[in-house]
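No experiment lies behind these values; they were computed from the predicted model shown.
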Amino acid sequence: MTFDLLARDPATKARAGLLHTAHGAIETPIFMPVGTAGTVKAVSQQTLKTDIDAQIILGNTYHLYLRPGLEVLQAAGGLHQFNGWDRPLLTDSGGYQVFSLSNTRKIKEDGVTFRSHIDGSPHLFTPEGVMDIQRVIGADIIMAFDECTPWPCEYEYARRSLDLTHRWLQRCIQRFDATEGLYGFEQSLFPIVQGSTFKDLRVQSAEFVAAQGRAGNAIGGLSVGEPAEQMYEMAELVCDILPADKPRYLMGVGTPANILENIALGVDMFDCVMPTRNARNGMLFTTQGIVNITNKKWATDFTPIDPSLPGVASTFYSRAYLRHLFQSKELLGPQIASAHNLAFYLWLVREARTQIQAGTFGPWKARMVQQVMTRL
């Protein structure tokens, strides 16, 4: 995997790049739709590819390990073959999901024991095992196994957790480098910077991660409840340390404003469940602002959902019709809304890239942050 840095914005730290993987190139900055269990909820692979033009999507190690299971995935030839997605894939290590099972998991030096949320069966995730699982899933980019600390947390807890995450990272790298992909193409391992909202821990972790010399790096443990200002402070601190010639992935972020602000700080890659989760509840992100489609004010609005966006979902259906589908509890409603929101997120990062290349990202970002978060 290689990364070409093509442009820098003169007024901010925003960058435009091109990330080359075995399943195609990814134009950065990029937003990655979340397909936790091998599917982006309510959106088909055909829609993702032809209508939304998603360049990369996510799968989750924890969920795919439990269901359909490694035997099925390996028999299929990996997740690309199983779900029919022929573009790049990234897998989260499952660390966040495991650690969210706070009542049923135990963290030890060797790894984490937990009980399945499906049937209560016991399981063990170790750094080595998670590397092996992600080899079977077969994503182009795989994540190191780390501990995601809650917010807020005590400094001493964050410090111990960080030390454990770094020891686990070394084990992940050792196992990853000692094995090969199962399906004839290269996979790349991204370490994850942790450290909660403590500056010294973030610096320590970013320096440790940068020293590993991997093809890309991730920033975890943010957007977990901390104020946005703290998120931006930590992201900027870390981006200033992580190597400029490698892609930087901020995990689990966020709102359109969060994405624009973090692009300005030097982040290249994003993922979040927000566009699809909010869509299923009737919240639409548009180029003009936020629409709650269930409000009565849209009942006779026969204009397209957002004529400024590409894609069938945004331009073919009217706001009145989409509101009717939600009022009638028709399944088509969340499907249209989900496709539309993802089309908006992909439009937003594409437009950001265009502005970076033109040298106009700074003033455009300042205007767009206000515009896209206005409630209509």
Side-chain angles (χ1 to χ4, degrees), residues 1-4 18-28 30 32-40 43-50 52-95 97-98 123-146 168-169 171-192 212-218 246-247 249 251 269 271:
M1 192 179 80
T2 59
F3 181 62
D4 300 325
L18 196 62
L19 182 60
H20 301 272
T21 77
H23 285 90
I26 302 161
E27 296 178 337
T28 64
I30 191 64
M32 305 179 282
V34 177
T36 301
T39 175
V40 177
V43 184
S44 72
Q45 279 78 319
Q46 290 82 0
T47 298
L48 283 167
K49 188 171 179 179
T50 62
I52 297 165
D53 195 21
Q55 296 180 43
I56 176 174
I57 61 174
L58 268 68
N60 180 263
T61 293
Y62 167 84
H63 289 280
L64 292 167
Y65 161 79
L66 292 176
R67 195 166 49 192
L70 301 184
E71 188 175 326
V72 171
L73 287 167
Q74 189 157 4
L79 185 56
H80 283 99
Q81 296 298 318
F82 185 60
N83 71 359
W85 181 254
D86 61 0
R87 293 182 176 183
L89 279 167
L90 180 150
T91 41
D92 183 344
S93 71
Q97 285 69 31
V98 167
H123 301 271
L124 169 66
F125 269 10
T126 65
E128 295 82 5
V130 167
M131 293 299 96
D132 294 345
I133 293 167
Q134 290 185 91
R135 286 295 197 193
V136 172
I137 297 171
D140 299 87
I141 300 171
I142 74 176
M143 305 307 298
F145 191 53
D146 64 332
W168 283 357
L169 172 57
R171 290 167 58 188
C172 285
I173 289 172
Q174 188 173 6
R175 183 58 155 245
F176 179 81
D177 288 348
T179 57
E180 293 184 356
L182 302 178
Y183 309 114
F185 61 86
E186 181 194 32
Q187 295 177 281
S188 296
L189 171 64
F190 281 24
I192 303 172
Q212 306 309 310
R214 309 315 291 188
N217 300 295
K246 306 287 179 66
Y249 165 31
M251 305 178 74
M269 302 169 68
D271 80 285

> Who are the side-chain contact (heavy atoms from CB on, under 4.5 Å) partners of Glu27, not counting sequence neighbours?
Replying inline: Leu18, Gln55, Arg353
> To the nearest 0.5 Å, what is the distance between CG (Leu64) and CG (Asp92)?
Replying inline: 10.5 Å
>> Please find the pair of heavy atoms, one from Phe185 and one from Ala22, that lie closest to each other, and give the distance.
In response: CB-CB, 3.6 Å
>> I need the Leu70 CG to Gln134 CD distance, nearest 0.5 Å.
In response: 11.0 Å
> If you take all heavy atoms of Asn217 and Pro191, which pair is closest and at what distance?
Replying inline: OD1-CD, 3.6 Å
>> Give me the atom names and distance for the closest heavy-atom approach of Ala139 to Thr91.
In response: CB-OG1, 3.4 Å
>> When you measure from the side chain of Arg175 to the backbone of Pro127, do you find a donor-acceptor pair of N or O atoms at a distance under 3.5 Å?
In response: no
> Roughly how far, to the nearest 0.5 Å, is CG of Asp146 from CE of Met251?
Replying inline: 6.5 Å
> Of all residues at least two apart in sequence or in a different chain, which pass the ring-ring contact (aromatic ring centres under 6.0 Å, His included) check with Tyr249?
Replying inline: none
> Taking the side chain as C-beta and beyond, is there a heavy-atom pair between Leu66 and His123 under 4.5 Å?
Replying inline: yes
>> Among residues at least two apart in sequence or on other chains, which ones pass side chain to side chain donor-acceptor pair (under 3.5 Å) with Gln187?
In response: Arg135
> When you look at Asp177 and Arg214, which way does the salt bridge (Lys or Arg N to Asp or Glu O under 4.0 Å) test go after all the steps?
Replying inline: CA-CA 11 Å; Asp177 288 348; Arg214 309 315 291 188; 2.8 Å; yes
> Rounded to the nearest 0.5 Å, how far apart are CG of Leu79 and CZ of Phe82?
Replying inline: 8.0 Å
>> So, taking the atom named CD1 in Ile141 and the one named CD1 in Ile56, what distance separates them when rounded to the nearest 0.5 Å?
In response: 4.5 Å
> How close do Val40 and Pro33 get, heavy atom to heavy atom, and via which atoms?
Replying inline: CG2-CB, 4.0 Å
> Would you call Gln45 and Asn83 a side-chain contact if the rule is heavy atoms closer than 4.5 Å?
Replying inline: yes
> Quick one: which of Val43, Leu48, Thr39 gives a side chain to side chain contact (heavy atoms under 4.5 Å, CB included) with Ile57?
Replying inline: Leu48
> Rounded to the nearest 0.5 Å, how far does CE of Met143 lie from CG of Leu169?
Replying inline: 10.0 Å
> Hey, does Met269 have a side-chain heavy atom less than 4.5 Å from the side chain of Leu19?
Replying inline: yes
> Of all heavy-atom pairs between Ala215 and Pro247, which one has the smallest distance, and what is that distance?
Replying inline: O-CD, 3.2 Å
> Just checking, is any N or O donor in the side chain of Tyr183 or His80 under 3.5 Å from an acceptor N or O on the other one?
Replying inline: no
> For the residue pair Pro88 and Gly24, what are the closest heavy atoms and their distance?
Replying inline: CG-O, 3.7 Å
>> Run the side chain to side chain contact (heavy atoms under 4.5 Å, CB included) test on Thr179 and Met131 for me, step by step, so that the C-alpha distance in whole Å, both residues' side-chain angles and the decisive distance to 0.1 Å come before the verdict.
In response: CA-CA 9 Å; Thr179 57; Met131 293 299 96; 5.8 Å; no
> Which residues pass the side chain to side chain donor-acceptor pair (under 3.5 Å) test with Glu128, sequence neighbours left out?
Replying inline: Arg171
> Would you call the rings of Phe145 and Phe125 parallel, tilted or perpendicular if under 30° counts as parallel and over 60° as perpendicular?
Replying inline: perpendicular
>> Please check this pair: side chain of Thr21 against backbone of Met1, looking for a donor-acceptor N/O pair closer than 3.5 Å.
In response: no
> What residues form a side chain to side chain donor-acceptor pair (under 3.5 Å) with Thr47, not counting sequence neighbours?
Replying inline: Ser44
>> Applying side chain to side chain donor-acceptor pair (under 3.5 Å), can you list everything that pairs with His20, at least two apart in sequence or on another chain?
In response: Asp4
